[in-house]
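Scroll down for the structure; my scribbles are underneath it.
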Amino acid sequence: MGPTTRARFVHNRRRRRRRGPYAVPDDDDEEEDQQEASSSSSSSDEGEEDAEEEGSGEVDDDEGEAAEPSGKEEEVSPVAAAARSGRKASITISLKKVCKVCKSTGHEAGFKGAVYIDCPRKPCFLCKMPGSDTLHCHTTLTCPHRVAMEHGVIPASRRNTNTSLDYVFQSQVKGKIPMVKPQFLIPNQLECGNIKFHQRRVTCLEFHPTKNNVLLSGDKKGLLGVWDYVKLHEKITYDSLHSCILNSMKFDTTNDGLLYTASSDGTISSTDLDTGIGSSLLNLNPNGWNGPSTWRMIYGMDFNSDKGLLLVADSFGFLHLLDRRLKARIGDPILIHKKGSKVTSLHCNPAQPEVLLSSGNDHYARIWDTRKLEPNSAFASLAHGRVVNSGYFSPQSGNKILTTCQDNRIRVWDYIFGNLESPSREIVHSHDFNRHLTPFKAEWDPKDHTETVAVIGRYISENYNGIALHPIDFIDTSTGKLLAEVMDPDITTISPVNKLHPRDDILASGSSRSIFIWKPKTESDATEERNREKAKEFVYGSGSRKKSNGKHENSSDDDSDGSCDGKKKKKAKKTRFTHTIKGKGKSKV
DNA sequence: AATGAATGAGCCC
DNA sequence: TGGGCTCCCTTCAT
């Protein structure tokens with residue numbers, strides 16, 4: 001914590017608190033104001049200490065501080081801080097624990113070992129209900145949705161239940177779903193990991209539609225990687241397709257070799273993967289950079305195979321239609337989300353390609369008929385609590401909708417032609433984020449005929465025997481039940497990008513700059529693992545939440561991978577990848 | 001080991 | 001409507 005931070009801290013005491021949809025009640029601010037006035041003593045536990053803080057003036061209790069390992073904030077001279085802020089030195093000294101989140105005393109937030117201790121004054125980080133110091137409330141650690149994930153479902157408040165239409169819908173849905181659910185294998189065993197193939201974080205993944213072991217990946221720099229994860233050394237990268245974030249990839253369903261890519265540079269590229277020849281299909285910024293207010297970025301894209309149409313949405317709320325053969329735009333752009341707001345994703349219905357689902361920063365997901373597109377002609381507008389990261393029709397019947405919203409809820413609509421006023425289910429799940437990460441997107445398992453299983457990375461960590469890990473969650477969207485948590489003690493980073501193989505039981509995940517391939521555990525894997533665990537006195541994947549003192553062991557991730565990477569770097573600049581992990585028996589150098 | 005930067009949405013004025 | 005400020009479990013490089 002630097003001196004400037006300290007200065008900001010002093011300054012911040014005057015700030016207005018942000019009020020989100022689930023913001024804590026007002027008394028929080030009032031209390032803070034009282035502290036500022038330092039006149040009346042607060043009724044809270046911290047009151048005494050606050051008074052001490054404000055009143056004690058120049059004295060710094062160094063002796064008391066020495067025993068406080070986490071009292072970093074106090075080490076900075078307030079005089080220096082004040083000097084930097086250009087004001088006369090008004091000395092603010094905290095003697096006791098200071099919460100780095102709410103800046104008040106008496107408690108501390110942050111990691112204690114692998115367990116994150118919440119600030120009791122803040123909303124639950126998972127379900128966003130008010131913090132534990134307010135009436136009837138809890139912190140993230142004790143959130144009912146966390147303790148038992150299967151209780152994370154909030155049933156929809158369906159006013160029109162039991163209408164005759166509902167029965168019709170139900171029977172129609174049921175008619176399309178095979179009654180016998182095939183055995184579902186969770187790809188929970190780390191097969192291989194490719195390290196620093198990408199120089200920036202992975203933003204999208206896609207399996208090749210016909211070549212079974214080929215995975216494509218895009219990153220924040222616009223690099224496209226094509227990788228055969230069985231023949232580990234077969235890798236091709238394209239670095240000149242895009243100049244920044246590769247947001248979406250789609251194969252031409254009529255030509256497997258043709259890949260369309262959408263980027264925040266405002267262009268759509270078409271690349272022939274057999275010849276490596278690429279061409280630009282669309283450029284929304286033909287006049288170059290004229291500042292952020294005019295720069296158009298492309299996030300959502302999908303391909304309508306019936307019409308040979310490419311649907312593209314920009315960061316100003318507009319939808320563009322593109323004829324693939326003519327390589328020309330069709331008609332004028334149409335406003336499909338709030339003007340000036342980002343359209344985050346597009347998806348054509350697999351059963352009826354003219355039906356389009358769009359998601360946006362304007363807190364809505366919308367269903368459109370692309371045959372009669374006009375502004376405000378949406379078939380339905382699905383309201384969400386915050387930004388909608390993604391929306392997908394179910395992969396086979398196209399009858400369901402799955403959305404991921406930054407209000408930490410996954411929403412499911414069971415029948416798109418039914419009552420869409422409110423979702424059939426809301427599933428509380430941690431996937432909101434604050435900058436720096438690729439947005440989380442819950443995605444259907446394309447192989448699941450029952451159209452219930454979805455996969456999504458988890459933001460908040462769980463303490464798995466002393467290591468804070470961020471699992472990749474498999475969720476039963478019909479019940480909200482957590483089917484599986486996929487993680488590995490060597491992967492301590494968050495995996496926001498996940499893709500399930502269209503035919504095999506394989507999961508590809510993108511975590512920061514690395515890509516990982518997961519397969520189901522075989523019997524021998526399981527035995528081997530049990531033995532290893534025994535040896536290590538380490539019960540992996542039990543989901544038990546024991547206290548421990550190992551914080552994020554990020555170093556373990558970097559240790560072997562980084563050193564390997566370093567050696568590779570000397571050899572060849574471009575071939576930075578090829579380091580693989582098989583299983584979890586990693587030897588540290 | 002501490003620190004800062006990259007970076008986007010929400011909210012306030 | 002736009003600029004400015006803030007933010008909670010990041011990640012990585014220096």
Side-chain angles (χ1 to χ4, degrees), chain A residues 1-6 8-9 11-24 69 72-73 75-76 99-103 108-126 128 131 139-141 143 146 195-196 198-203 220-221 244-245 264 291-293 297 299 315 338-342 344 360-363 385-389 405-408 430-440 457-463 467-471 491-496 510-514 551-552 554-555 557-558 561-562 565-566:
Chain A
M1 191 91 12
T4 44
T5 316
R6 178 58 179 178
R8 207 187 306 146
F9 161 48
H11 168 75
N12 282 350
R13 292 180 64 87
R14 302 216 153 266
R15 84 204 183 284
R16 295 299 303 168
R17 188 71 57 78
R18 174 170 83 112
R19 285 168 207 279
Y22 305 96
V24 278
K72 294 170 217 150
E73 305 218 2
E75 285 161 22
V76 178
C99 174
K100 67 176 183 183
V101 176
C102 74
K103 310 290 188 287
E108 282 177 296
F111 273 105
K112 284 265 185 292
V115 179
Y116 191 92
I117 307 297
D118 301 287
C119 169
R121 301 174 133 210
K122 285 287 183 174
C124 167
F125 204 63
L126 178 54
K128 309 297 181 190
T139 63
T140 320
L141 215 51
C143 177
R146 181 175 195 167
I195 307 304
K196 291 175 187 172
H198 290 284
Q199 290 180 305
R200 292 279 177 245
R201 65 169 201 245
V202 174
T203 52
K220 209 174 140 289
K221 254 189 159 179
C244 62
I245 318 178
S264 285
S293 60
M297 298 179 271
Y299 285 83
S315 52
K338 187 181 169 189
K339 196 171 185 182
S341 75
K342 188 205 288 177
T344 53
N361 265 26
D362 60 354
H363 303 192
R386 281 181 62 190
V387 167
V388 190
N389 287 348
C405 178
Q406 286 187 25
D407 65 358
N408 265 359
S430 171
H431 54 255
D432 64 334
F433 73 102
N434 206 348
R435 300 168 290 182
H436 319 309
L437 293 177
T438 305
F440 290 85
R458 196 193 302 173
Y459 181 26
I460 55 171
S461 61
E462 199 65 77
N463 175 13
I467 311 171
L469 297 177
H470 308 264
I491 306 174
T492 53
T493 48
I494 295 169
S495 302
S511 184
S512 184
R513 290 145 66 159
S514 305
K551 201 195 135 38
H552 284 262
N554 276 330
S555 54
D557 199 24
D558 290 346
D561 307 341
D565 185 47

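Look at K220(A) and you'll find a side-chain N or O under 4.0 angstrom from OP1 or OP2 of dT7(B). Phosphate contact (OP1/OP2 of dC8(C), side-chain N/O of K128(A), threshold under 4.0 Å): absent. Side-chain N/O atoms of R513(A) include one lying less than 4.0 angstrom from OP1 or OP2 on dA13(C). OP1 or OP2 of dG10(B) has at least one side-chain nitrogen or oxygen of H363(A) nearer than 4.0 Å. A sub-4.0 Å separation between OP1 or OP2 of dC12(C) and a side-chain N or O of S512(A) is present.
Legend: residues meeting side-chain hydrogen bond (donor to acceptor under 3.5 Å, both in side chains) with K221(A), ordered by chain and number and at least two apart, are Q199(A). Checked against salt bridge (charged side-chain N to carboxylate O under 4.0 Å, His left out), D432(A) has the following partners two or more places apart in sequence or in another chain: K128(A).
Within 4.0 Å (heavy atoms only), T140(A) reaches at least one base atom of the nucleic acid. Nucleic acid contact class of D432(A) (heavy atoms, under 4.0 Å, all strands): none. Contact annotation for K339(A): no contact, since no heavy-atom pair falls under 4.0 Å across all strands. Here F433(A) lies out of heavy-atom contact (under 4.0 Å) with every strand. Backbone-only engagement by I494(A) is indicated by non-hydrogen atom pairs under 4.0 Å involving sugar-phosphate atoms exclusively.
With hydrogens and angles left out, the side-chain atoms of T140(A) and R146(A) include no donor and acceptor closer than 3.5 Å.
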Exercise. Quick one: the dot-bracket string of DNA chain B, using Watson-Crick and G-U wobble pairs with both distances under 3.5 Å, [ ] for crossing pairs and | for bases paired to another strand.
Key: .|||||.||||||

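Here the side chain of S430(A) pairs a donor or acceptor atom with the backbone of I460(A) at under 3.5 angstrom. A side-chain donor-acceptor contact under 3.5 Å links S511(A) to the backbone of I494(A).
When distances run from any side-chain atom of D118(A) to the nucleotides dC8(C), dT7(B), dC9(C), the shortest one goes to dC9(C).
With a glycosidic angle no more than 90° from 0, dC8(C) adopts the syn conformation.
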